[in-house]
Amino acid sequence: MKRAQRFPLHFTTPLFLDDSQPGMAFVYVQNPSGAVFSGDQLELRIAARNGGKLHVTNTSATKLHRMLDGSAFQRVLLEAKQGSYIEYLPDQLIPQAQSSYDQETTIDLDRGSMLIASEIIAPGRLARGEIFAFRRLKLETRIRVGGSTLFTDRILMEPTTTPINIRGVLGSFLYSGNLLALTPGGNAKGVYDAASSLDMTGEDFRLGVGALPGAVGIIVRVLARSSSTITRLMEDAWSRIRMQMIGTPAPSKRK
């Protein structure tokens, strides 16, 4: 495994935490500055090749600090080639009041490789009474298979000018999450069926599953009223899909 890093982002040395997948490396991304600040321009590149298996997460939630002027940007590049498998499962994104953040994620796979990636968006610092007080949050995810772009997903939230806690957007839910499961050339139907076995409706959540173009995989979308509920649902989805993809359920998270 090769690592190259520059402040503020830092990769830990690889750990091997899953007894059922002894060859899978677990790598944690750390940001010792404690938050993302105005003017930050961050880039994260993760690649697996030659049948490698890699799990990437961070050590805590990503906090977007208050930004009186300007904004922050992060580019994420995920590449799975030659029969490899990547799990990219960061903790929640917490946009504080007046923060502004753009993120571009590009996922590049070839047929025979697989990837699971997720994102959870919190409403803000609830303990301080912040609910959708950030200025802007834009997340764009582009999926490329064999060099061709098959799918682009865009989320834009500007709650201080366009309310999002209304019917037809988030409604009464506070947390939103997406999980992508990509298996081009693999058993996309099996992955769809695994995700569809999840509970779709509860007192404090809603969940949906959709197939992606070209039968390359699925997207799971979740709305929830609490952090614990959305975390439980996303981890359940990850475990069921992982079982279908590589034959073993998700291990317990160690943070």
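Under the ring-ring contact (aromatic ring centres under 6.0 Å, His included) criterion, F151 pairs with no residue at all, not counting sequence neighbours. K138 is linked by a salt bridge (charged side-chain N to carboxylate O under 4.0 Å, His left out) to nothing, counting only residues two or more places apart in sequence or in another chain.
Distance alone, capped at 3.5 Å, places no donor-acceptor pair between the Q96 side chain and the H65 backbone. Counting only distance, with no hydrogens or angles, the side chain of T57 and the backbone of L89 share a donor-acceptor pair below 3.5 Å.
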Salt bridge (charged side-chain N to carboxylate O under 4.0 Å, His left out) evaluation trace for D193 with K189:
CA-CA 6 Å; D193 291 343; K189 184 182 184 305; 2.8 Å; yes

Step by step, would you call R221 with D153 a salt bridge (charged side-chain N to carboxylate O under 4.0 Å, His left out)?
CA-CA 12 Å; R221 297 195 190 272; D153 183 58; 2.6 Å; yes

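Around CZ of R225, the count of heavy atoms belonging to other residues, nucleotides or ligands within 6.0 Å exceeds 12. Sparse packing is recorded around CZ of R45, with 12 or fewer heavy atoms of other residues, nucleotides or ligands lying under 6.0 Å away.
Aromatic ring orientation, H55 versus W238: tilted (interplanar angle from 30° to 60°).
A heavy-atom distance below 4.5 Å is found between the side chains of Q74 and L9.
Side-chain contact, R142 with T149: no donor N or O sits under 3.5 Å from an acceptor N or O.
Considering M114, M245, R240, R242 as possible partners of V191, the one that fulfils the side-chain contact (heavy atoms from CB on, under 4.5 Å) test is M245.
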